[in-house]
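Each remark here refers to the structure printed beneath this line.
Because only heavy atoms are used, hydrogens play no part in the values below, and waters and symmetry mates are left out as well, while side chains stay in. Quick note: residue numbers are just sequence positions, from 1.
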Amino acid sequence: MSASPINRAMNAGEWRLLLALTLLWSGSFLFIKIAVQDMPPLTVAALRIALAAAILGVALRAAGRSVARDRRMLGVFAVMGLLNNVLPFALISWAQTEIPSGLASILNATTPLFTVLVAHVATHDERISVAKIAGMLLGIAGVACLIGPQALQGFGAHGLAALACLAAALSYACAGVFGRRHLRSAAPMSAAAGQLTMSTLLLL
């Protein structure tokens with residue numbers, strides 16, 4: 001039996017893209033920590049989103065593509081923007097006024113674990129399993145080991161900020177499951193541009 005599109009193995013190109021995304025995403029925690037020393041957290045989140053929306057808008061126009069503008073898709077983009085950009089970016093930016101970037105990145109690494117749990121509840125074909133949970137926990141432990149156990153020292157002293165990071169991870173997980181259900185027909189670049197544009201409007 002051939003693998004389904006959801007569970008198929010990643011090819012070499014997709015692994016390279018994942019590595020590039022990992023490098024870009026991991027560096028963002030350091031830059032957020034620097035930025036929130038001089039700007040309000042919501043401003044940092046808004047600037048990140050607006051800049052990304054502008055860059056993707058230019059890239060989309062250069063490629064001769066456009067964002068779907070029917071009412072249904074605009075609603076989907078708004079929900080995705082809220083769950084995938086506005087809420088997590090704002091929460092993480094605020095949290096990093098209290099906790100170090102290393103701890104924030106470790107807590108953000110719980111996103112796959114939350115995704116497994118949310119998908120189990122919200123879908124019928126992505127059921128939870130011992131292997132999935134073990135794999136997610138092993139991944140989180142690996143991130144913690146790479147960054148260093150000293151990063152966890154701020155967890156107890158800044159519990160609310162740590163919970164904000166966990167809430168951001170949960171929001172990312174909900175966005176992933178929601179996007180799988182409602183963005184099947186949308187081109188990836190158009191979907192990304194649409195949700196970032198709606199995110200910018202939500203923050204105005």
Side-chain angles (χ1 to χ4, degrees), residues 1-32 48-68 73 76-77 79-81 83-85 88-89 92 101 104-120 122-129 131-147 168-199:
M1 180 183 295
S2 60
S4 70
I6 295 297
N7 297 311
R8 67 175 177 80
M10 292 172 60
N11 59 39
E14 290 167 337
W15 277 109
R16 286 193 292 270
L17 288 173
L18 180 60
L19 177 59
L21 177 62
T22 301
L23 294 173
L24 291 170
W25 191 257
S26 59
S28 68
F29 291 96
L30 173 60
F31 292 116
I32 291 170
R48 291 180 67 196
I49 292 169
L51 179 61
I55 292 172
L56 264 181
V58 171
L60 204 61
R61 183 177 293 273
R65 302 177 185 176
S66 60
V67 176
M73 286 308 299
V76 171
F77 291 152
V79 174
M80 281 296 295
L83 293 175
N84 208 35
N85 301 124
F89 283 20
I92 291 171
S101 56
S105 64
I106 291 173
L107 295 173
N108 188 73
T110 61
T111 298
L113 180 58
F114 281 121
T115 302
V116 169
L117 297 175
V118 172
H120 177 78
T123 69
H124 64 276
D125 59 345
E126 289 197 61
R127 312 311 294 173
I128 201 167
S129 68
K132 284 183 178 180
I133 293 296
M136 295 305 101
L137 292 176
L138 184 62
I140 294 168
V143 172
C145 289
L146 286 172
I147 295 175
L170 176 60
S171 187
Y172 282 133
C174 292
V177 175
F178 180 85
R180 178 199 161 187
R181 179 174 296 178
H182 296 283
L183 289 176
R184 287 180 181 272
S185 60
M189 185 182 292
S190 297
Q195 66 176 284
L196 285 166
T197 300
M198 293 304 293
S199 298

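Of the possible polar contacts, one joining the Arg181 side chain to the Ala122 backbone as a donor-acceptor pair under 3.5 Å is found. Not one N or O on the side chain of Lys132 forms a donor-acceptor pair closer than 3.5 Å with the backbone of Leu117. In terms of modelled atom types and a separation under 3.5 Å, the side chain of Ser101 and the main chain of Leu30 share no donor-acceptor contact. Judged by distance alone, with hydrogens and angles left aside, the side-chain atoms of His182 form no donor-acceptor pair with the main-chain N or O of Val76 at under 3.5 Å.
Checked against side-chain contact (heavy atoms from CB on, under 4.5 Å), Ala175 has the following partners two or more places apart in sequence or in another chain: Met80, Leu83, Asn84.
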Practice prompt. Would you please test Phe178 and Leu183 for side chain to side chain contact (heavy atoms under 4.5 Å, CB included) and show each step?
Written response: CA-CA 8 Å; Phe178 180 85; Leu183 289 176; over 6 Å; no
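Taking all atoms of both residues into account, the shortest heavy-atom contact from Met73 to Ala186 is CE-CB, 4.2 Å. The minimum heavy-atom distance linking Pro112 with Met136 is given by the pair CB-SD, 3.0 Å. Val177 and Thr115 get closest at one heavy-atom pair: CG2-O, 4.4 Å. Ala169 and Leu107 get closest at one heavy-atom pair: CB-O, 4.0 Å. Across all non-hydrogen atoms, the minimal contact from Ser66 to Ser190 is O-OG, 3.3 Å. Contact between Ile32 and Arg48 at its shortest, heavy atoms only, is CD1-NH1, 3.3 Å.
Atom CG in Leu60 sits 13.5 Å away from atom CD1 in Ile55 (nearest 0.5 Å). Taken to the nearest 0.5 Å, the CG atom of Asn85 stands 5.0 Å off from the CD1 atom of Ile49. A distance of 10.0 Å separates CG of Leu24 from CZ of Phe31, quoted to the nearest 0.5 Å. Leu170 contributes atom CG, which lies 10.5 Å from atom CG of Leu113 (distance to the nearest 0.5 angstrom). To the nearest 0.5 Å, the span separating SG on Cys174 from CZ on Phe114 amounts to 9.5 Å. Rounding to the nearest 0.5 Å gives a distance of 8.0 Å between CZ of Arg16 and CG of Asn11.
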